[in-house]
Asks: 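One structure, pasted below without further comment.
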There are 2 protein chains.
Amino acid sequence: MTGTSASARQAGRGHRSGRRGGDSGTREAILAAARARFGDLGYDRTTIRGIAADAGVDAALVHHFFGTKDRLFVAAMRLPLHPRDLVEAALAAGSGEQGPGEHMVRTVLGAWDVAEMRAPFLGLLRSATTSEQAAAMLREFATGAILGRVAEAAEQAAGGRGRDAEYRAALVASQVLGLALTRYVLKLGPLARASDDDLAAAIGPTLDRYLSGDLG
Amino acid sequence: MTGTSASARQAGRGHRSGRRGGDSGTREAILAAARARFGDLGYDRTTIRGIAADAGVDAALVHHFFGTKDRLFVAAMRLPLHPRDLVEAALAAGSGEQGPGEHMVRTVLGAWDVAEMRAPFLGLLRSATTSEQAAAMLREFATGAILGRVAEAAEQAAGGRGRDAEYRAALVASQVLGLALTRYVLKLGPLARASDDDLAAAIGPTLDRYLSGDLG
DNA sequence: GTCTATAATCGGATAGAC
DNA sequence: GTCTATCCGATTATAGAC
């Protein structure tokens, strides 16, 4: 569906120019195919054979490179960015013109638009509901990515009530993951159709309140 | 995990008293075991053989009663209540003392506390990320259950902007499903620990705003 | 590095005896 | 209604030849 069958050549190692002793590009092709398959189908329904077919190689080769399916999953779901850097990068851009929450929603939506990010996100979300391993990865990413934002918000906002920071971060995660689930996985019509602007305007204030507002 | 192995006798048919010609209780035992397994593991990781073992019967009997795994899933995920009735029932209780959103959060949390509801919810949520069939069922339930609430809210609130009702309902669904995902499936610490009161106070106003507030 | 076997399970589904 | 026996397909993973 995300059709990246046999592209993505010349990934690493700046050595000379010809092919090195142990790099023909197939490893990257397998990784790309795995990302796409895990993203579309989740862990359970993705097969090594299917990945190998997409990459145009034999199934045994996948094992040769990555060992088990578990290890391949971890390698394929690795993001090109560290969670914290994702937030930091988005944070540097346009700070101040709008509420932090609105900016955060735009950042999230922007990340989902990049193929190299969307596939891992989808794969993690689709697999986390049945695989404890995937759940742990998503948990770590969600809290790791959001806690940084929360720390900053708590810094400039509250004076005393900064110790429910983790609770506030979790509330943000619930809304952000809920949006991802309903918009990209469940594909609820109204949310799938909505523009980034509309969603930012609608959900941004919610995050602002979770981050630093009065929670009753 | 939800241990209901061989209970739940005498479910239907008010005929006389002795066992009828085609009802020995095993059918209900299979259904109960299926509910528990689908809820804990999702569709893919649940096996007919495992369900049969839990119910204390042979695997062939499961097929005899329900045919295919798909049909068994549908039967097991059927709620004891119609979505609309769920909202209506919760609506009738305490209306007026608090915001509609806060009441809605309490209703949802209350439903998740009842075993006969939690298992289907979990099963639907766990399976919807990889099965289009399950996704359709969850989609239908989520929108069906929430649209009634929205209709009522739109009635007493807005005068003109009542035609983005489906968009508002979808926003509510995103937060409610996000809460379910993070609290019951992902088990994010702060959300799993939080009390019903705290969650209602924190999330209720969000729903109120989605239902009838200004969305930018 | 790459592929051909092949091992070892496991899962859904069916036929048919009792 | 219930179980035994079985078919058939698919999957992960490994050993080893080229």
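Every heavy atom of this structure was used, including side-chain atoms; hydrogens, water molecules and symmetry mates were not.
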Asks: Is the shortest heavy-atom distance from the side chain of B:Pro205 to the side chain of A:Arg209 under 4.5 Å?
Replies: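 Yes, side chains in contact.
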
Asks: Measure the distance from CD1 on A:Ile51 to P on D:dA13 and round it to the nearest whole Å.
Replies: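 Going from CD1 in A:Ile51 over to P in D:dA13 covers 11 Å.
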
Asks: CZ of A:Arg71 versus P of D:dT14: gap in Å, rounded?
Replies: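 The answer, rounded to whole Å, is 11 Å.
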
Asks: Any ion pair linking A:Asp197 and A:Arg106 (charged N to carboxylate O, less than 4.0 Å)?
Replies: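 Judged by the 4.0 Å cut-off on N to carboxylate O distance, A:Arg106 and A:Asp197 do form a salt bridge.
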
Asks: Are A:Phe141 and A:Phe121 close enough that their ring centres sit under 6.0 Å apart?
Replies: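 Yes, ring centres under 6.0 Å apart.
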
Asks: Is there a side-chain polar atom (N or O) of A:Thr26 under 4.0 Å from OP1 or OP2 of C:dT2?
Replies: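 Looking at the OP1 and OP2 atoms of C:dT2, one of them is under 4.0 Å from a side-chain N or O of A:Thr26.
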
Asks: Verify the neighbour count for atom CD of B:Glu140: are there more than 12 heavy atoms of other residues, nucleotides or ligands below 6.0 Å?
Replies: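 No, because the 6.0 Å sphere around CD of B:Glu140 holds 12 heavy atoms or fewer from other groups.
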
Asks: Could you label the plane-to-plane angle of the A:Phe73 and A:Phe38 rings as parallel, tilted or perpendicular, counting under 30° as parallel and over 60° as perpendicular?
Replies: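 Rings of A:Phe73 and A:Phe38: perpendicular, as their planes differ by over 60°.
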
Asks: Between protein and nucleotides 3-18 of chain C, map the contacts as a letter string: B base, S sugar-phosphate only, - none, heavy atoms under 4.0 Å, written 5' to 3'.
Replies: SB------BBBB----

